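By convention in this document, chain letters (A, B, ...) are assigned in the order of the sequence lines, proteins followed by strands, and residues within each chain are numbered from 1. Here the structure is a predicted model, which is why all the values come from computation and not from measurement.
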Amino acid sequence: MDNVEIARLLKETADLMEISGEDAFRIRSYRNAASAIEGLGESIEAITRDPQRQLTALPGIGKGIAGAIEEIVARGSFARRDEMLERYPPTALEMLRIQGLGPKSIRLLWEHFRVSTLEELERLCREQKIRELPRMGAKLEEKILRGIQLYRQSAGRFLLNFAAHAAEELCAALAAVEGVHRVTPAGSLRRGKETVGDLDLLVTGEGAEAALAAFVNHPRVHDVLGHGPNKASARYGMEGLQVDVRAVPEASFGAALQYFTGSKEHNVHLRQRAQRMGLLGCDQNGRHGAGRCHDYRVSVLYLPVRRSACARSRADSDNRRIDPDGRAGSACRRSALDVAGAVGTAGTDGGRATGNQHLGFSNLHG
DNA sequence: GGGCTGTACTG
DNA sequence: CAGTAC
DNA sequence: GCCC
DNA sequence: AGATG
DNA sequence: CATCT
């Protein structure tokens with residue numbers, strides 16, 4: 001049993017206990033213990049098995065939680081958790097994740113309506129049933145609706161920070177393969193979006209195909225969705241971030257990078273511009289020679305290329321055209337790996353605070 | 001036994 | 001004030 | 001629940 | 001928000 | 001309506 005997994009069970013139980021309205025300080029103790037376990041550089045299970053050692057020696061873990069942990073290691077759960085799971089539906093934990101809904105409200109909703117799915121909850125809001133309950137009104141109904149919406153939007157997305165770490169690890173692994181020339185993240189990660197739906201990596205070099213194999217065999221990669229000579233996709237980590245790795249001919253690298261960095265909308269705009277300029281003659285039967293020009297923004301479309309955030313003393317209107325999402329973000333043309341690497345020197349981004357401060361620590365004050 | 005972060009917003 | 005978020 |  | 005003056 | 005809870 002993994003430390004992270006044990007911590008997860010503890011936190012999960014704390015959440016349910018909160019819904020059930022138990023003592024707040026006891027609940028906090030569970031959370032403190034969970035957090036202590038997560039940050040421990042040593043296997044809890046190993047300590048459990050070592051007769052020389054005592055779980056209660058660890059800060060935040062006393063007699064009660066030590067017992068719970070032993071039970072977890074022995075059978076994968078513990079009494080209190082089982083009891084809670086029996087009392088509340090699995091969706092209770094999911095509901096806790098939606099903005100504006102807290103433990104008290106969830107409990108009330110459960111007691112009065114036996115709400116067991118988000119769909120049901122949504123329906124109750126629309127039918128204006130929520131306002132029948134004490135302390136709940138029309139405002140809350142709308143707030144919950146918005147919360148559900150937001151929750152659904154963010155489902156399946158990942159924080160840039162997480163994706164950047166995944167990219168860093170995978171790039172390093174693939175670059176180590178013999179004959180690989182370059183491995184480059186594209187997609188929304190490269191655009192510096194604060195959240196990412198999936199990860200796109202481009203590989204060039206004669207070793208590219210071998211790199212695809214290395215990718216699907218990577219220890220943290222599983223659930224291979226497809227694996228051919230040119231492209232492989234699979235899920236990364238327990239979180240299941242989907243990763244697409246594409247092998248591209250060296251000559252097409254520039255165009256491929258441009259294309260796969262997107263966004264989709266941005267590509268559409270570019271193509272329309274190209275068409276308007278009559279530059280897409282070679283693009284009739286769907287087979288457009290993307291490899292023809294390395295960077296058709298500059299060589300064909302006569303758009304300015306912004307080399308760095310600092311080089312843009314010119315009007316935004318110039319930059320806006322090549323900005324992937326039509327917004328003025330300073331990190332948009334810089335790979336997120338670079339951003340991640342710049343964490344240590346964050347806060348000096350041309351004097352403009354980026355929207356991606358999660359990566360820096362400039363907003364952490366004492 | 002007695003404490004367990006502190007503050008702001010919303011309704 | 002109760003509940004929620006940060 | 002944990003810690004002092 | 002709802003209660004209160 | 002301002003203020004309290």
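- Once rounded to the nearest 0.5 Å, the distance linking OH of A:Tyr30 with CD of A:Glu12 reads 13.0 Å.
- A side-chain hydrogen bond (donor to acceptor under 3.5 Å, both in side chains) with A:Tyr236 is found for exactly one of A:Gln242, A:His222, A:His218, A:Glu169, namely A:Glu169.
- Rounded to whole Å, atom C1' of E:dA1 lies 14 Å from atom CD of A:Glu141.
- The number of heavy-atom neighbours closer than 6.0 Å to CZ of A:Arg157, taken from other residues, nucleotides and ligands shown, is above 12.
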>> Set out, in order, the CA-CA distance, both residues' side-chain angles and the distance that settles side chain to side chain donor-acceptor pair (under 3.5 Å) for A:Arg80 and A:Thr13, then state yes or no.
In response: CA-CA 7 Å; A:Arg80 180 138 242 160; A:Thr13 306; over 6 Å; no

Donor-acceptor pairs are to be reported for all side-chain atoms of residues 90-111 of chain A against protein atoms at under 3.5 Å, with residues two or more places apart or in another chain.
{"from": "A:Thr91", "atom 1": "OG1", "to": "A:Ser116", "atom 2": "O", "distance (Å)": "2.6"}
{"from": "A:Glu94", "atom 1": "OE2", "to": "A:Tyr151", "atom 2": "OH", "distance (Å)": "2.9"}
{"from": "A:Arg107", "atom 1": "NH1", "to": "A:Ser20", "atom 2": "O", "distance (Å)": "2.8"}

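- Contacts between residues 92-112 of chain A and DNA chain C, defined by a heavy-atom separation under 4.0 Å, are made by A:Ile98, A:Gln99, A:Gly100, A:Leu101, A:Gly102, A:Pro103, A:Lys104, A:Ser105.
- Evaluation of the ring-ring contact (aromatic ring centres under 6.0 Å, His included) rule for A:Phe158 yields A:Phe162 as partners, not counting sequence neighbours.
- For the C1' atoms, the distance linking F:dC1 with C:dA5 amounts to 31 Å, nearest Å.
- With a 6.0 Å radius and a threshold of 12 heavy atoms from other residues, nucleotides or ligands, A:Glu127 has its CD atom above the threshold.
- Look at the C1' atom in both B:dT7 and D:dC2: the space between them is 25 Å, to the nearest Å.
- A gap of 23 Å separates the C1' atoms of E:dT4 and B:dC9, to the nearest Å.
- Other residues, nucleotides and ligands contribute at most 12 non-hydrogen atoms within 6.0 Å of the CD atom of A:Glu86.
- Cluster annotation: A:Leu145 and A:Leu140 are assigned to distinct hydrophobic clusters (Ile/Leu/Val/Met/Phe/Trp/Tyr, side-chain heavy-atom contacts under 4.5 Å, transitive).
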>> For a quick check, with a 4.0 angstrom heavy-atom cut-off, what is the B/S/- contact string for nucleotides 4-11 of chain B, read 5' to 3'?
In response: BB-----S

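- Here the side chains of A:His266 and A:Gln258 are in contact, with some heavy-atom distance below 4.5 Å.
- Grouping the Ile, Leu, Val, Met, Phe, Trp and Tyr side chains by contacts below 4.5 angstrom, directly or via other members, places A:Leu9 apart from A:Met238.
- Between the C1' atom of E:dG2 and the CG atom of A:Leu133 lies a distance of 17 Å, rounded to the nearest Å.
- Where DNA chain D meets chain A (any atom under 4.0 Å from a heavy atom), the bounding nucleotides read 5' to 3' are D:dG1 to D:dC3.
- In the hydrophobic clustering of this structure, A:Val216 does not group with A:Leu225; members are Ile, Leu, Val, Met, Phe, Trp, Tyr whose side-chain heavy atoms approach within less than 4.5 Å, directly or through other members.
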Check the interface with nucleotides 3-5 of chain F: list each N/O to N/O pair with the protein under 3.5 Å, or write none.
none

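- For the C1' atoms, the distance linking C:dC6 with F:dA2 amounts to 30 Å, nearest Å.
- Note on A:Leu10: nothing from the nucleic acid sits closer than 4.0 angstrom, heavy atoms only.
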> Would A:Thr48 and A:Glu70 count as a side chain to side chain donor-acceptor pair (under 3.5 Å) if you check the C-alpha gap in whole Å, the side-chain angles of each, and the deciding distance to 0.1 Å?
Replying inline: CA-CA 7 Å; A:Thr48 305; A:Glu70 284 170 9; over 6 Å; no

